[in-house]
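Have a look at the structure below, then the notes.
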2 protein chains.
Amino acid sequence: MSTRIRPEEGSTAQQILDVAERLVQRQGFNGFSYADIAAEMNLTKPALHYHFSSKAELGEALITRYTARFTAALDAIDAGEVGAPAKLEGYTALYLDVLRNKRMCLCGMLAAEYQTLSPPMRRAVLEFFNRNEAWLAGILDEGRSEGEIGFEGPPGEKAQMIVGTLEGAMLVARPHDDISRFEAVARRLVHELVVHPAGTAAG
Amino acid sequence: MSTRIRPEEGSTAQQILDVAERLVQRQGFNGFSYADIAAEMNLTKPALHYHFSSKAELGEALITRYTARFTAALDAIDAGEVGAPAKLEGYTALYLDVLRNKRMCLCGMLAAEYQTLSPPMRRAVLEFFNRNEAWLAGILDEGRSEGEIGFEGPPGEKAQMIVGTLEGAMLVARPHDDISRFEAVARRLVHELVVHPAGTAAG
DNA sequence: GTCTATAACGAGATAGAC
DNA sequence: GTCTATCTCGTTATAGAC
């Protein structure tokens, strides 16, 4: 069959996912249609249904791929950055990349539309947030143990706050069409976590 | 005419706005239709068009009313609460009320769908955020002068961060169907702002 | 102020040919 | 793997009666 779990690079299925992903991230899952994808790809709607038999199935594939890509990016941060502050900065940079492409986080967008999503799509959205928060909690816990960063309470709770803050900053920055709003929040978020010796002025 | 700027209490127009507001806050502007409102009110679709000739016009009225109500709530906080910490706590309580009704902030939801909105709706959404941030910036500025709260940088920037954090916390709390996630973020947000004498342990 | 009726269009989806 | 043709339904919106 064609609608496989992991479509080939550059395949039609992959191209469909690319176009659909951009549309969802900019207009929402309820803000685009198969016709929009078909028009952009010079395909017909039935051709799309061959690859993804329903819109909900397309949605599931979108979230799964997005989460896999995000997870890979987190692994890359673990491998490439040293110390909690640098890793957290790398994390905020992931969001900044999305915003630079004039997009909202896919799962942040779907979180807004959550009540209208199919059960499988809902599960996939939750999985995305759980993975993010688990990764962040690990970084926070280790960073505090090392004395690199400081915060009160359980790491999991602080991780939830960080995810919420970044998602919210993206959400509000987009209407203002002002990336610097997000950058300011991201900078402040990391800055407030990093332990500063007494007498050290902020940049 | 019936589609007046300020419909009477309990009028059909007001009831339409009540139902539509809930639908938008739960399902998004692109996630409901006139048919949904009509079914719930035992009206017909043309009856709705009599009151709000287009969906975009209904959307404008929704945002305007929501912003007016929110502004009144901010005035009430100014009049009823003493000191920046209490006022900020009152502010987070406004969001909590929305979440308790299983809703997203109207303008947070519309921020996600921003690219699909009419120009008047876009303007109204921006106006909401500007008013919120201006009010918050005033509280933050005064609170810092009084020595009640502490933060670095310009009050306007911190205000943007607070709005983003609360919107994002709502956004993520809803899929998890877990109000306590929001409460934890709100508590932490205020707590981190309040100036604590050295040696004071956190709750 | 609300109705019936309907227009005009777009949505998601299917049958069957090539 | 993609097409033409079509179906069914839902959407926003209007005309005109009551």
Side-chain angles (χ1 to χ4, degrees), chain A residues 1-21 23-24 26-63 110 113 115-121, chain B residues 1-21 23-24 26-63 110 113 115-121:
Chain A
M1 66 177 179
S2 170
T3 307
R4 59 186 68 196
I5 304 298
R6 195 177 297 279
E8 313 291 336
E9 287 270 333
S11 66
T12 303
Q14 277 289 357
Q15 292 176 49
I16 292 170
L17 288 171
D18 290 341
V19 173
E21 185 177 73
L23 288 170
V24 175
R26 291 194 181 162
Q27 302 175 196
F29 193 73
N30 295 326
F32 84 102
S33 75
Y34 269 40
D36 296 326
I37 307 174
E40 195 169 326
M41 294 184 70
N42 286 317
L43 279 179
T44 58
K45 288 190 286 176
L48 302 181
H49 277 284
Y50 170 77
H51 293 282
F52 302 96
S53 62
S54 74
K55 199 183 177 187
E57 197 174 294
L58 170 60
E60 284 179 61
L62 282 176
I63 307 169
L110 296 176
E113 300 176 292
Q115 299 235 9
T116 70
L117 304 182
S118 68
M121 283 185 71
Chain B
M1 64 176 180
S2 171
T3 307
R4 58 187 65 194
I5 304 298
R6 195 178 298 280
E8 312 292 335
E9 287 271 333
S11 67
T12 302
Q14 278 288 358
Q15 293 177 48
I16 293 170
L17 288 171
D18 290 341
V19 173
E21 186 177 73
L23 288 170
V24 175
R26 292 193 180 164
Q27 303 176 197
F29 193 73
N30 296 326
F32 84 103
S33 75
Y34 269 39
D36 297 324
I37 308 174
E40 196 167 328
M41 295 185 68
N42 287 315
L43 277 180
T44 58
K45 290 186 283 178
L48 303 180
H49 278 284
Y50 169 79
H51 294 282
F52 302 97
S53 62
S54 74
K55 199 183 177 186
E57 198 173 293
L58 170 60
E60 285 179 60
L62 282 176
I63 307 168
L110 296 175
E113 301 176 292
Q115 298 235 10
T116 70
L117 304 183
S118 68
M121 283 185 71

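Sequence lines set the chain letters: A, B, ... in the order given, protein chains first and strands last, and positions in each chain run from 1.
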Starting from [atom2] on [N], measure out to [atom1] on [X] and report it in whole angstrom.
X: A:Y34; N: D:dT8; atom1: OH; atom2: C1'; value: 17 Å
X: B:Q15; N: C:dG1; atom1: CD; atom2: P; value: 12 Å
X: B:H49; N: C:dC3; atom1: NE2; atom2: C1'; value: 14 Å
X: A:H51; N: C:dA13; atom1: NE2; atom2: P; value: 16 Å
X: B:K55; N: D:dA13; atom1: NZ; atom2: P; value: 9 Å
X: A:Y50; N: C:dG12; atom1: OH; atom2: P; value: 21 Å
X: A:K45; N: C:dA13; atom1: NZ; atom2: C1'; value: 8 Å
X: B:F52; N: C:dG1; atom1: CZ; atom2: P; value: 12 Å

Residue A:P46, side-chain atoms from C-beta onward, closest of D:dT2, C:dT4, C:dA15: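 Given the options D:dT2, C:dT4, C:dA15, the side chain of A:P46 is closest to C:dA15.
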
Per A:A35 side chain, nearest of listed nucleotides C:dA11, D:dT14, D:dT2: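 The nucleotide sitting nearest to the side chain is C:dA11.
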
Does [N] have its OP1 or OP2 closer than 4.0 Å to a side-chain nitrogen or oxygen of [X]?
X: A:S54; N: C:dG12; result: no
X: B:T12; N: C:dT2; result: yes
X: A:T44; N: D:dC3; result: yes
X: B:S33; N: D:dT11; result: yes

Side-chain heavy atoms of B:I37 within contact of B:L58, under 4.5 Å: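 They are in contact (side-chain heavy atoms under 4.5 Å apart), so the answer is yes.
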
B:K55 NZ/CZ over B:F32 ring centroid, <6.0 Å and within 45° of normal: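 Verdict for B:F32: a cation-pi partner in B:K55.
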
B:L62 backbone acceptor or donor facing B:E21 side chain under 3.5 Å: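 Looks like no, no N/O pair under 3.5 Å.
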
Atom pair CZ (A:F29) and CD (A:E113), whose distance is rounded to the nearest 0.5 Å: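 Reported value, rounded in 0.5 Å steps: 8.0 Å.
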
Stepwise side-chain contact (heavy atoms from CB on, under 4.5 Å) check, B:E8 with B:Q14: CA-CA 7 Å; B:E8 312 292 335; B:Q14 278 288 358; 5.9 Å; no

